[in-house]
Amino acid sequence: MTELPLLFTPLQLRDLEMKNRIMVSPMATYSAREGRATDWHTAHIGKLAAGGAGLVFVEQSSVNTQGRITHGCLGIWDDAHIADHAALAALIHSFNAKAAIQIAHGGRKGSSQRPWEGGNPLGEADIKARGEGPWQIAASSGIPFDEGWPAPQMMTAEQIDALVDDYRQAFRRARAAGYDVIELHCAHGYLMHSFLSPLANNRNDEYGGSRENRMRLPLRIAAIMREEWPDHLPAFVRISSVDGVDIGWSIEDSIAFATELKAIGIDMVDCSSGGMKLPRGNSLVSRTPGFQVPFAERIQKEAGMPTVAVGLIREPDYAEAILRDGKATLIALGRELLWNPNWPAQTALALGCDPEWTSWPEQYGWWLKRRVAQQGR
């Protein structure tokens, strides 16, 4: 009997079994209205879930209105959002996939235009063009994200306590919506990352200074996430494994952070990178296929924490090799799935582990199978 590729070997996390080890990465689409999902989200998530991945993430959802990046960000700050998320989770489940959600706060990168509108801070022109004005942003410190960006309000201890409660309520709403996996966003320059990185955090209280202090708030919220999330279901944390080259938050910091996350019961670290504005010489040199895989490998091996590898992983054989070599436990795809949402199902066929086309929705899998058979005659 031929050994099943690891990519299509079911993965057990706590009591949750995923049908394969392919994960749809959370990808912000900035298409919500007042935090509510729209028909776009149904079409977008449905397309991705139909493609055969074992775990499908709904995009980052804002923990409160201040935490939005744009006016179009999906929300989970109100009980009114639960029904929309429940519909998305049910849609994912209908394709025999597990449903996941990422909970986020934009921090000092909030109050900005959608990427296709320029991605700059909101201003008078946006009010005139779309009636979308700016709001007060907050972060670990009063350091602007970049030149020309507004300085965020440095969060007080009282505001931090209120934020922690916002996260707690968001975690509860996510479970009420029926998600199987939850992820805390601590990457890409957003609020939690701004507490972790010395490039964005110049506080002199219990949340700033030493690495231990800078990790305090993300760990506090991650512990609440684990407390609120059912014991039988897994919880993830996404991190920027490094800020850049020889600057700011380092891979050694990430290993230390992952070790603490493991101790409080987090099940997986999702290993991305970047998100800070850096001098040219300190930016990650190249975005070649798998450029972030070494981060996932070190964290998995040195912290003993299962990891998600993400970043321009396009070829099935390469994805399989990452798993076979013990460099990660899950493979996440983002832009590749926007280009080809059927990548998982096509890969199952290419690797010879789905001769009956069960990775495809039955509504058109039978037709495609017949067509292939006819072409082969």
Side-chain angles (χ1 to χ4, degrees), residues 25-37 41 45 55-90 92 98-111 135 137-140 155 158-188 190-196 216-231 233-239 261 264-268 270:
S25 227
M27 294 176 279
T29 62
Y30 310 105
S31 299
R33 295 196 185 106
E34 301 297 327
R36 300 290 302 269
H41 294 90
I45 295 299
L55 182 63
V56 179
F57 263 91
V58 170
E59 66 191 70
Q60 63 178 42
S61 299
S62 300
V63 69
N64 55 34
T65 55
Q66 186 184 58
R68 295 168 296 165
I69 304 168
T70 74
H71 280 276
C73 285
L74 196 61
I76 196 160
W77 65 77
D78 192 289
D79 287 350
H81 295 144
I82 295 174
D84 292 352
H85 282 285
L88 292 175
I92 294 167
K98 302 306 180 185
I101 184 173
Q102 183 185 74
I103 310 297
H105 187 296
R108 62 183 188 160
K109 296 174 78 172
S111 190
W135 62 87
I137 54 175
S140 60
M155 297 184 73
E158 292 75 19
Q159 289 170 332
I160 288 172
D161 288 343
L163 173 74
V164 168
D165 188 61
D166 286 343
Y167 270 101
R168 185 185 294 277
Q169 299 307 319
F171 300 147
R172 291 175 176 174
R173 292 184 189 107
R175 184 57 196 141
Y179 287 107
D180 305 298
V181 176
I182 195 165
E183 179 174 86
L184 175 62
H185 199 345
C186 293
H188 302 162
Y190 300 126
L191 183 62
M192 291 297 102
H193 187 193
S194 80
F195 274 88
L196 291 170
R216 190 180 306 278
L217 180 59
L219 287 173
R220 179 182 173 188
I221 293 175
I224 289 171
M225 179 173 70
R226 185 65 272 175
E227 175 187 322
E228 293 293 340
W229 206 240
D231 287 343
L233 293 177
F236 294 11
V237 172
R238 171 165 273 200
I239 64 170
L261 291 171
I264 62 177
I266 299 304
D267 301 280
M268 189 85 68
D270 189 354

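Just so it is clear, the values below take in all heavy atoms, side chains as well, and ignore hydrogens, waters and symmetry mates.
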Problem set entry | Shortest non-hydrogen contact between T29 and S31, atoms and distance | O-OG, 2.8 Å

Exercise. Looking at CD1 of I137 and NZ of K109, how far apart are the two atoms once the value is rounded to the nearest 0.5 Å?
Worked result: 11.5 Å

For this session: For S111, check side-chain hydrogen bond (donor to acceptor under 3.5 Å, both in side chains) against everything at least two apart and list the hits.
Result: none

Seminar exercise, completed: Note: I76 and R173 closest approach over all heavy atoms is O-NH1, 3.1 Å

Problem set entry | Any I160 side-chain heavy atom under 4.5 Å of F195 side chain | yes

Exercise. Would you say the side chain of Q60 lies within less than 4.5 Å of the side chain of I69, judging by non-hydrogen atoms?
Worked result: yes

Exercise. Any sub-3.5 Å donor-acceptor pair from D180's side-chain atoms to A100's backbone N or O?
Worked result: no

Problem set entry | V237 and M225, any side-chain heavy atoms less than 4.5 Å apart | yes

Seminar exercise, completed: Taken to the nearest 0.5 Å, the spacing of R226 CZ from L233 CG works out to 7.5 Å

Problem set entry | Close side-chain approach of H105 to S194, heavy-atom, < 4.5 Å | no

Problem set entry | Atom CD of Q159: over 12 foreign heavy atoms under 6.0 Å | yes

For this session: Just do the salt bridge (charged side-chain N to carboxylate O under 4.0 Å, His left out) check on D161 and R220 with the steps written out, would you?
Result: CA-CA 10 Å; D161 288 343; R220 179 182 173 188; 3.0 Å; yes

Exercise. Roughly how far apart are Y167 OH and M192 CE, rounded to 0.5 Å?
Worked result: 4.0 Å

Exercise. Is the closest side-chain heavy-atom distance between V58 and H41 below 4.5 Å?
Worked result: no

Exercise. Any sub-3.5 Å donor-acceptor pair from D267's side-chain atoms to F236's backbone N or O?
Worked result: no

For this session: Kindly indicate whether the side chain of P26, heavy atoms from C-beta on, has any atom under 4.5 Å from the side chain of E183.
Result: yes

Exercise. Side chains of L191 and M155: does their closest heavy-atom pair fall under 4.5 Å?
Worked result: yes

Exercise. Hey, does the side chain of W229 reach the backbone of F171 with a donor-acceptor pair shorter than 3.5 angstrom?
Worked result: no

Problem set entry | Where L261 and A222 come nearest, the two heavy atoms and their spacing | CD2-CB, 3.8 Å

Exercise. What's the shortest heavy-atom distance between I264 and L219, and which atoms?
Worked result: CD1-O, 3.8 Å

Exercise. Less than 4.5 Å apart, any side-chain heavy atom of T65 and any of D78?
Worked result: no

For this session: Assess the pair W135 and H71: is the distance between their ring centroids shorter than 6.0 Å?
Result: yes

Exercise. Nearest 0.5 Å, what's the CG-CG distance between N64 and D166?
Worked result: 4.5 Å

Problem set entry | T70 side chain to R68 backbone, donor-acceptor under 3.5 Å | no

Problem set entry | Closest non-hydrogen atom pair, S62 against G67 | OG-O, 3.6 Å

Exercise. Which pair of non-hydrogen atoms, one from H81 and one from R36, has the smallest distance, and what is that distance?
Worked result: CD2-CD, 3.4 Å

Problem set entry | Point-to-point distance, once rounded to the nearest 0.5 Å, from CG of L184 to CD1 of I103 | 8.5 Å

For this session: Indicate yes or no for a side-chain donor-acceptor contact from H85 to the backbone of R175 under 3.5 Å, with no hydrogens or angles considered.
Result: no

Exercise. Distance from D79 atom CG to Q169 atom CD, nearest 0.5 Å?
Worked result: 8.0 Å

